[in-house]
Amino acid sequence: MPSHAVVTGGASGIGAATCAALLDAGWAVTSLDLRPSADGRARSAVADVTDAAGLADAIADAAAEGRGIQALVCAAGVSGSALGDGPVDTVSAAAFDAVVGVNLRGAFLTVGAAWPHLAAAGGAAVVTVSSVLGLTGGGGPFRSHAYITAKGGLLSFTKALAAYGRPAGVRANCVAPGVVRTPFAQRVSDDPALLAYVTAKQPLTGGPIDPGDIGGLIAFLVGPDSRAITGQTIAADGGWRLDAEGWRE
């Protein structure tokens, strides 16, 4: 039987692209999302990553159906701007809790529920999905401080997982994409000024990144060819971070 991966947020965006990349590579895949996956090749587990009890049940069921879990991808997330996110002096406590609840707490709960299955698998892998904003702090029109806080937290969380998982052979890495062409980033495509800003920041891709590029990277990071890689954050950002750090020619 092929190795089994669980992908949160697997019904759309980066999660859906990751499911497709893993399925193409021969994995059995369970998409865990608020709605079923549109990819008929994947199993669907309908669950909310902020609901600890329901999430634990969904992970246990997925492990039973898939004969364990050899890879876990935490791609579930929400856009901060959709929930009233913004600079620290404008964000309500409710908006902060909602954004951090999905993007950081959701990953924490998911990994906790899946950890016994990952540790038992021998050579399992976890990938969390952060953001270039978690590396750079945002700036310009990207001032969603709750979102940036959550995505920054994933960097440290992933390092902790890598250290904790090493004795059991569990690897953990983080991907920090730039702006990706997903439903959450539709406002970039709809706003000419914002699109111009992102295009200048991401010259390698000439605008928003194709989600398949991120899905392919994640599939590599959970696969056998990356068995020596753990505790790393990889910025797949089209060159954004170099510009932010003043390395622009």
Side-chain angles (χ1 to χ4, degrees), residues 2-10 12-32 39 42 49 59 62 66 68-77 103-104 106-108 110-112 114-115 117-119 121-135 151-180 182 204-205 209-241:
S3 295
H4 176 222
V6 173
V7 180
T8 70
S12 66
I14 291 172
T18 300
C19 288
L22 289 168
L23 288 161
D24 290 345
W27 287 75
V29 175
T30 298
S31 165
L32 192 155
D39 191 329
V49 296
I59 290 289
I69 300 173
Q70 289 75 42
L72 174 66
V73 180
C74 296
N103 291 311
L104 181 56
F108 189 91
T110 303
V111 177
W115 194 262
H117 307 288
L118 295 164
V126 177
V127 173
T128 61
V129 179
S130 180
S131 165
V132 69
L133 301 183
L135 288 169
K151 291 300 187 178
L154 286 173
L155 309 181
S156 296
F157 178 48
T158 304
K159 288 182 181 180
L161 292 176
Y164 185 57
R166 186 173 59 173
V170 180
R171 298 183 297 109
N173 292 289
C174 182
V175 173
V179 174
V180 181
T182 68
L204 296 184
T205 55
I209 299 164
D210 188 292
D213 292 343
I214 310 302
L217 172 60
I218 293 172
F220 166 74
L221 287 173
V222 302
D225 291 340
S226 63
R227 61 184 177 274
I229 303 174
T230 192
Q232 304 302 307
T233 295
I234 299 175
D237 61 9
W240 182 310
R241 185 175 56 87

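Count residues from 1 along the sequence. Note that the structure is a prediction, hence the values are computed from the model and not measured.
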Q: Check whether any side-chain N or O of H4 sits under 3.5 Å from a backbone N or O of G68 as a donor-acceptor pair, and report yes or no.
A: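 Looks like yes, one N/O pair under 3.5 Å.
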Q: Does the side chain of I14 reach to within under 4.5 Å of the side chain of P177, using non-hydrogen atoms?
A: yes
Q: Do the non-hydrogen side-chain atoms of W27 and P2 ever get within less than 4.5 Å of each other?
A: no
Q: For A75 and G15, work out which heavy atoms get closest and say how close.
A: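 Closest pair (atom of A75, atom of G15, distance): CB-CA, 3.9 Å.
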Q: Is there a donor-acceptor pair closer than 3.5 Å between any side-chain N or O of T230 and the backbone N or O of A172?
A: yes
Q: What I'd like to find out is whether the side chain of V7 reaches to under 4.5 Å of the side chain of V29, using heavy atoms alone.
A: yes
Q: About how many Å separate CG of L204 and CG of D237, when rounded to the nearest 0.5 Å?
A: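 One finds 8.0 Å between CG of D237 and CG of L204.
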Q: Strictly distance-based, threshold 3.5 Å: is any side-chain N or O of S226 a donor or acceptor partner for the main-chain N or O of G223?
A: yes
Q: Return the OG1 to CG distance between T128 and L154, rounded to the nearest 0.5 Å.
A: 5.0 Å
Q: Set out, in order, the CA-CA distance, both residues' side-chain angles and the distance that settles side-chain contact (heavy atoms from CB on, under 4.5 Å) for V170 and V126, then state yes or no.
A: CA-CA 7 Å; V170 180; V126 177; 4.3 Å; yes
Q: Does the side chain of I229 come within less than 4.5 Å of F220's, by heavy atoms?
A: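 Yes. Closest side-chain heavy atoms under 4.5 Å.
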Q: I need the T8 OG1 to L72 CG distance, nearest 0.5 Å.
A: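 Going from OG1 on T8 over to CG on L72, the span is 7.0 Å.
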Q: Any side-chain heavy atom of V129 sitting closer than 4.5 Å to one from T18?
A: no
Q: To the nearest 0.5 angstrom, please state how far the OG atom of S131 sits from the NZ atom of K151.
A: 6.5 Å
Q: Heavy atoms only: give me the nearest A76-N103 pair and the separation to one decimal.
A: O-OD1, 4.1 Å
Q: Nearest heavy-atom pair of V180 and I209: which atoms, and what distance?
A: CG1-O, 3.2 Å
Q: Quick check: closest heavy atoms across G153 and L104, and the distance to 0.1 Å?
A: C-CD1, 3.8 Å
Q: Determine the minimum heavy-atom distance between R227 and R171, stating which atoms define it.
A: O-CD, 3.3 Å
Q: Is there a side-chain contact between C74 and V111, using heavy atoms and a 4.5 Å cut-off?
A: yes
Q: Is any side-chain heavy atom of L32 closer than 4.5 Å to one of I59?
A: yes
Q: CG of L161 to CZ of F108: how many Å apart, nearest 0.5 Å?
A: 8.5 Å
Q: For residues L135 and A176, report the shortest heavy-atom separation together with the two atoms involved.
A: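 Scanning both residues, the minimum pair turns out to be CD1-CB, 3.7 Å.
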